[in-house]
Structures are given as C-alpha cells and as structure tokens.
K.L.:
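First the structure, then my questions, so here it is.
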Amino acid sequence: MSVRRVGFCLSEKKRRRMNLDAFAAFCAGHGVEVVEIDLTRPLVHQGPFDIIVHKLSDVIVEAERDSQSQRVLADFQSYVSAHPATVLLDPLPAMTRLLDRFASYRIMSRLHDSLRDWCICSPPYLEIHSDSDLPSIQQALMTQGLSFPLICKTRVAHGSLSHEMSLIFGADGLADVRPPCVLQSFVSHGAVLHKVFVVGDQHFCVKRPSLKNFPSDRKTIFFNSHQVSKPESNSHLTALDEQKPGLPPPSSEAVAALVRELRARLGMALFGVDVIVDVHTHTLTAIDINIFPGYEGVPQFFSSLLSHIQSVLDRQASAGPRGANPPESMQAAGGLSGGLSPAEVDL
C-alpha cells in the first residue's frame, strides 16, 4: 500500500502549538507522510497531496487589505481547483465564514429551534456594524431581548485583537463599544467554561475557568479571553467570591447532539465550540465557535486526527474517482474576495 501524503499549511505559531514535528513522527509509524507546505513556493512543486490540513486564517484576514496575501490565497485556491482529488480539511468557504462572528452567531442563534429537545441555545446578541449604529443601541437591545451585563467582542474572530473583550454593565458603558463588534448577553455560569473540541466523528470536552458573575453597579471590565480561560489561568475575574455548589457537567448526550448539528451546518471536521451551563436553568448554552483550535487538554488528539484523515481518504478511495466526495473535500474555488462580507457569509 502506497504511503499517503498529507500536506500541512499552518502558521509558525500554530505549528509549534500543535507540535507538528511530533505528529509527523507519529504518522510516519502508520504509513502516512506529513509534508509542511511553504506558501512562498508553488504548491505544484511540493505535491502531490492526498489531503491538505490547513489553518489559513492569517492569510484570509490579511487578504482583505494586503496584495501579497491575496496572491498567496489565489495561488492556494488555484492549486486546489486544479487538483480535485486532493481533499481539503476544512473547506475554505466554511472557514472564512467562521472568521466573522456575525456569521457564526447567526448559526448559533438557530440552535434553539433545531436542538429544542436537548435544551440547547445561545444567548441573544446584537450586531454593531458601524458608528452610525451607536445612537440606536439601547432600543435595539430591548428589541432583540438583550439584558445587561453584555459581553462585547470584535467582529473578526481571529488574531490577538479577537481575544480583547469587555463586560458592560449598563447604558453608560455602551460608550465603550467600538464597532464593528457583537454584543452578547452575559449568562451567569459559575465561572466554568466547557471547551468542546471536535475531530471528525469524535469530540472531547475540557473544563476551563471563565468569568464569574459580577455586581451590576460597576464600570466596564476589559479583559483578554485567552488569558482568562487558559488551562493554568488564575485571574481575579474568574475567582468566585463564595463557595457555591458546582454545576453538573453538560450532558454527554446533549453535547453529542450539538456537535452533530454543528458539523452538519458548518461542513467542517476541525473546530471547537465554547459552551456554558446557565446557573439558573441548567440550559447548555453555546457562546462561540472556533476554527481549528489548540486542542489543549486532549491527549488523544494525534490519534484522533490521524484516524480522521485515514477515514476520509478511505471513504474517498472506496467511492472511486467518480464517487461523491465527503463534506471535508469541498473545494474552495473562488468566492472569497471580501470574505468577511455578511452577504457572502450568511447562510
């Protein structure tokens, strides 16, 4: 049986966090060759690839304003279009959509209807497109059913700035809003975040610290979500003032239902969803979706990823050259210019 070639296209930071060298050594023992793709060189000279695993978030975001990134993205798309047998994990259009919180929050807002039997929902939210929206925020908050406190997040869900958030406690704090951004009702959840990491048909739930509930009479709190919810985080923003009985963990069946629904809606295999449990209703609440996350705390990540890659290629091989491709092999030919435009990313 011939060795399968898997191309990895990652930023240097993502490569280190994933420990790609260790993963390559792991794959080599299972008849799979891992090839690091260099986007400064033509892909045609680096292939062929049976599958390409990528996180092109940096390139996609920078292509909005940088001509070199536009060329890199165009070259990547051209290669993918010219090699339809190469599986792309995950599809570029799906990844681009999740870089826009306006789009991902629209997806989450529909979970209540499709997962009603599991008592799964997402908090009400409001899109703030520009400064012209600011005078009407208070009325819009009432119309959309939002209540204070509010979490304010940047529209672009990538890069260091995407982790810079604020917690707004009243109308005076709305002066701190900087469009384009999303306002989302804060749900009291006992300072516990559950990060659900998805790898194909498998998923893993990891417990992390999160924001505690605060008194309502205070000024806006600015924080970095990455620092607050790191595994080793020890922030005063997450420390409960008094000992209260812990909430029960999310139902494994409900989490599985959520993952199945999101996989179908996103057409993706490598993503994460942040969920919390409402302290009052015990409702499972989805608050964010993440592209190809870090998978910290998932010891089975290497074996799970390799297993998924092999299963995707096995299905493709059994389908034959004329067979239908799995969702992960959707090709990204065009349609990405202005990738964060709501008209293009909305479902």
Side-chain angles (χ1 to χ4, degrees), residues 13 17 57-58 61 98-105 108 122-138 140-142 144-195 207-242 272-276 278-279 285-291 293-294 296 340:
K13 179 180 177 181
R17 290 184 66 186
S57 308
D58 288 337
V61 171
L98 288 189
L99 290 172
D100 183 0
R101 282 199 173 103
F102 289 177
S104 62
Y105 280 38
M108 290 191 296
S122 66
Y125 75 98
L126 179 67
E127 299 174 6
I128 310 297
H129 292 260
S130 66
D131 290 338
S132 63
D133 292 335
L134 295 179
S136 59
I137 285 183
Q138 282 189 265
L141 292 175
M142 295 177 59
Q144 297 295 329
L146 279 76
S147 58
F148 291 104
L150 301 168
I151 293 280
C152 183
K153 307 176 185 180
T154 60
R155 179 180 183 176
V156 177
H158 177 72
S160 58
L161 289 180
S162 69
H163 297 291
E164 299 298 331
M165 302 181 184
S166 58
L167 187 59
I168 299 172
F169 294 90
D172 291 346
L174 294 175
D176 297 316
V177 170
R178 297 292 180 267
C181 59
V182 172
L183 295 178
Q184 183 185 58
S185 289
F186 177 81
V187 176
S188 184
H189 52 283
V192 175
L193 173 70
H194 301 275
K195 296 190 77 71
K207 187 176 175 181
R208 295 278 181 83
S210 184
L211 289 179
K212 64 181 180 180
N213 206 26
F214 292 91
S216 59
D217 56 340
R218 58 181 301 160
K219 293 182 179 180
T220 300
I221 295 174
F222 298 91
F223 66 97
N224 183 295
S225 64
H226 189 60
Q227 295 174 357
V228 165
S229 293
K230 279 184 176 180
E232 68 279 7
S233 177
N234 185 22
S235 169
H236 70 282
L237 299 178
T238 66
L240 295 176
D241 296 326
E242 56 186 74
V273 55
D274 293 343
V275 299
I276 56 178
D278 189 317
V279 296
T285 306
I287 59 172
D288 246 324
I289 305 174
N290 308 300
I291 302 166
E296 292 96 342
L340 296 183

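We're numbering straight along the sequence, starting at 1. Here the structure is a predicted model, which means the values were calculated and not measured.
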K.L.:
Please verify the inter-ring angle class for His226 with His163; under 30° counts as parallel, over 60° as perpendicular, anything in between as tilted.
P.N.:
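Judged by the thresholds at 30° and 60°, the geometry between His226 and His163 is tilted.
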K.L.:
CG/Leu98 to OG/Ser104 distance, rounded to the nearest 0.5 angstrom?
P.N.:
6.0 Å
K.L.:
Can you tell me how far the SG atom of Cys152 sits from the CG atom of Leu174, to the nearest 0.5 Å?
P.N.:
9.0 Å
K.L.:
Any idea which heavy atoms bring Leu167 and Phe223 closest together, and the distance?
P.N.:
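Leu167 and Phe223 have their closest heavy atoms at N-CE2, 4.1 Å.
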K.L.:
Should Val187 and Ile287 be marked as a side-chain contact (heavy atoms from CB on, under 4.5 Å) after you check the CA-CA gap, both sets of side-chain angles, and the distance that decides it?
P.N.:
CA-CA 9 Å; Val187 176; Ile287 59 172; over 6 Å; no
K.L.:
Would you say Pro123 and Gln184 make side-chain contact, with heavy atoms under 4.5 Å?
P.N.:
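When only atoms from C-beta onward are counted, Gln184 and Pro123 do touch, with a gap below 4.5 Å.
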K.L.:
So which atom in Ser229 and which in Pro209 form the shortest heavy-atom distance, rounded to 0.1 Å?
P.N.:
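Closest approach of Ser229 to Pro209: OG-O, 2.9 Å.
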K.L.:
Could you tell me which non-hydrogen atom of Leu134 sits nearest to which non-hydrogen atom of Val177, and how far apart they are?
P.N.:
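So the two residues come closest at CD2-CG1, 3.9 Å.
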K.L.:
If we ignore angles and hydrogens, is there a donor and acceptor under 3.5 Å between the side chains of Asp176 and Thr220?
P.N.:
yes
K.L.:
What is the minimum heavy-atom distance between Val156 and Arg101, and which atoms define it?
P.N.:
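Scanning both residues, the minimum pair turns out to be O-NH1, 3.8 Å.
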K.L.:
Among residues at least two apart in sequence or on other chains, which ones pass side chain to side chain contact (heavy atoms under 4.5 Å, CB included) with Gln227?
P.N.:
Asn224
K.L.:
Within this structure, what is the CZ-CG distance for the pair Phe148 and Leu183, rounded to the nearest 0.5 Å?
P.N.:
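Going from CZ on Phe148 over to CG on Leu183, the span is 8.5 Å.
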K.L.:
side-chain contact (heavy atoms from CB on, under 4.5 Å), that's the test. Do Leu126 and Leu150 meet it? Break it down for me.
P.N.:
CA-CA 10 Å; Leu126 179 67; Leu150 301 168; over 6 Å; no
K.L.:
Rounded to the nearest 0.5 Å, how far does OG1 of Thr285 lie from NE2 of His194?
P.N.:
10.5 Å
K.L.:
Would a 4.5 Å heavy-atom cut-off, applied to side chains only, mark Ile168 and Phe186 as touching?
P.N.:
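Sidechains of Phe186 and Ile168: no contact.
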K.L.:
Could you measure the distance from the SG atom of Cys181 to the CD1 atom of Ile151? Nearest 0.5 Å is fine.
P.N.:
12.5 Å
K.L.:
For a side-chain hydrogen bond (donor to acceptor under 3.5 Å, both in side chains) check, start with the C-alpha distance between Lys153 and Tyr105, then their side-chain angles and the critical distance, and finish with the verdict.
P.N.:
CA-CA 11 Å; Lys153 307 176 185 180; Tyr105 280 38; 2.8 Å; yes
K.L.:
Is there a salt bridge (Lys or Arg N to Asp or Glu O under 4.0 Å) between Asp172 and Lys219 once you walk through the steps?
P.N.:
CA-CA 8 Å; Asp172 291 346; Lys219 293 182 179 180; over 6 Å; no
K.L.:
What pair of heavy atoms forms the shortest contact from Leu211 to Thr238, and how long is it?
P.N.:
N-CG2, 4.3 Å
K.L.:
Mind listing the closest non-hydrogen atom pair of Leu161 and Thr154 along with its distance?
P.N.:
O-CG2, 3.6 Å
K.L.:
Verify the distance criterion only: is there a donor paired with an acceptor across the side chains of His189 and Ser210 at less than 3.5 Å?
P.N.:
yes
K.L.:
Please determine whether a side-chain nitrogen of the Lys or Arg among Arg155 and Glu127 lies less than 4.0 Å from a carboxylate oxygen of the Asp or Glu.
P.N.:
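Salt bridge between Arg155 and Glu127, a charged N being under 4.0 Å from a carboxylate O: no.
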K.L.:
To the nearest 0.5 angstrom, please state how far the CG atom of Leu193 sits from the CG atom of Asp274.
P.N.:
5.0 Å
